[in-house]
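Report on one structure; see the data block that follows.
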Amino acid sequence: VSRLRTYRDLTGEDRSGLGAQVEAQQARIASRLASVRNVVAVMSGKGGVGKSFVTAGLAAGLARAGRATGVLDADLHGPTVARMLGASGGRLAVADDGVLPATGAGGLRVMSSDLLLAEGLPLRWREPGRFRHVWRGTLEAGMLREFLSDVSWGALDVLLVDLPPGRDRLDALVELLPRLPGVVVVTIPSEASFRSVRRSVEAAREAGLPIHGVVENMAAYRCAGCTAEGPLFRGDAGERLAREALVPLLARVPFDPRAQDEVDAGDPGAAADALAGAVSALLAQLEGA
Amino acid sequence: LKFLCVECDRQMDFAERELPGDGTLAAAFTCPACRRTVAMLTNPMETQLVASLGVKIGGRTIDEQPMELTRSAVRGGRDDAFADAPPAGRTRPTWDEAAKARLERVPLFVRGMVQRIYADYATQNAIAVITPDVMDRARSELGLEGM
């Protein structure tokens, strides 16, 4: 009895070439990142905890410490870190080999959807109008892939990846990278943040990602006038998360309106000051000091 | 994707690809034994599913441009986002007036990349002057939906 042969019965190569092209995409990422010593994702399960502020502070601090540092803004729909690093406005030069990243404060190399989108417009895709949910995630993963593979990052000591809230983008990042990234977890002190970020910590652990530590942002309120500090949120989420995960509490960063204003205006120096201890601890882990 | 000629029991080879410009795609596969050709016709959603991966059915014939998926898929990109340098070390084809006018209609966000793709296609095919006809052929052969 004859039987119609099926996919695996045909031993010839896939003539559509789709699989080979996806493999080539992965190979390009590996090739591009061969000169990047460390990839560190800044993540949180919760929105509004100041991940981008922390990313900006870590990046500026690493640059201040003499480390070649890049920042990839993986928050494709709510990009903010490029402006915090003073890296917005200029054209991105395209050569045969790739797109040159924007240059931010202290020579930071930056790529963000903020550099690509017209002012005030959301990230939108030129796709058929129906069933957008089917491919939107794939397009976003494709954009992240191209930020990794098609940007001429050059030799870097650290590539920081500013992730949006939730874990979808982290999962995509982990699958795209040739080796596992480390993560820095950001929380605010509140119980709600603790519960939300705890899930992300568990997700990172399940994925086998090295957790460099926890940053508790908005740990207090620093008066813009007298610099005295007072409580802002109840709770000790940073300390509890660090204790549970057996990782260091890298920093407790007060909310300082003046520092925030400076960072929002593109000067990350105050954020670097606030995260100086975290930068030292991170470097000690990355470089084995 | 694999295509089987059931009568010959042979795997079919990729033959050609066409994009009529309405979001659909046609990809033809030919049996190496009996030369019978069949075409796979995809609707806009199926076409988009493949395009979203940044891949082309049948493979690529010219190198992928930097950030090709992002530049071709994003709507509302900044006009001044990119500064495209001409490819180094290659003799570049010229553009006739009609082709230039057509290129002018491409959004600035993606225009430099489109220009490089058409120029690469012309160079690869020993075409000295790019005309609208050359652009049509390149768009279809390379799978440049929307360009």
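The sequence lines fix the lettering, A, B, ..., with proteins before strands; numbering per chain opens at 1.
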What is the distance from atom [atom1] of [X] to atom [atom2] of [Y], rounded to the nearest 0.5 Å?
X	Y	atom1	atom2	value
A:Arg5	B:Gln11	CZ	CD	8.5 Å
A:Thr138	B:Leu69	OG1	CG	10.0 Å
B:Met67	A:Arg145	CE	CZ	10.5 Å
A:Asp9	B:Lys2	CG	NZ	9.0 Å

* Structure fact -> With sequence neighbours left out, the residues meeting ring-ring contact (aromatic ring centres under 6.0 Å, His included) with B:Phe14 are B:Phe29
Does [atom1] in [X] sit with more than 12 non-hydrogen atoms of other residues, nucleotides or ligands closer than 6.0 Å?
X	atom1	result
B:Asn125	CG	yes
A:Asp264	CG	yes
A:Glu13	CD	no
B:Arg36	CZ	no

* Is there a donor-acceptor pair closer than 3.5 Å between any side-chain N or O of B:Glu68 and the backbone N or O of A:Glu146? -> no
* **Check: B:Ala81 main-chain N/O paired with A:Arg91 side-chain donor or acceptor under 3.5 Å** => no
For chain A, which candidate among [options] shows the most heavy-atom pairs at distances under 4.5 Å?
options	answer
B:Asp79, B:Leu53, B:Asp63	B:Leu53
B:Gly112, B:Ala27, B:Gly76	B:Gly76
B:Asp84, B:Val50, B:Ile57, B:Asp80	B:Asp80
B:Gly54, B:Ala73, B:Ala85	B:Ala73

Please classify the contact between [X] and chain B as side chain, backbone, both or neither, with a heavy-atom cut-off of under 4.5 Å.
X	answer
A:Glu140	neither
A:Ala95	backbone
A:Leu116	both
A:Arg136	neither

* To do: Pick one of side chain, backbone, both or neither for B:Met12, based on which atoms fall under 4.5 Å of a heavy atom in chain A.
  => backbone
* **Contact origin within B:Asp9 toward chain A - heavy atom pairs under 4.5 Å** => both
Taking all heavy atoms of [X] and all of [Y], pick out the closest pair and write down the distance.
X	Y	value
A:Asp96	B:Arg116	OD1-NH2, 2.8 Å
B:Val74	A:Arg126	O-CD, 3.6 Å
A:Leu139	B:Gln48	CD1-NE2, 3.9 Å
B:Arg75	A:Trp125	NE-O, 3.5 Å

Minimum side-chain heavy-atom gap [X]-[Y] below 4.5 Å:
X	Y	value
B:Gln65	A:Val94	no
B:Leu4	A:Leu10	yes
A:Arg28	B:Glu64	yes

* To do: Count the heavy-atom pairs under 4.5 Å between each of A:Asp14, A:Leu18, A:Val151 and chain B, then report the option with the highest count.
  => A:Asp14
* Can you tell which of A:Leu121, A:Leu100, A:Thr6, A:Val99 has the highest number of heavy-atom pairs within less than 4.5 Å of chain B? -> A:Val99
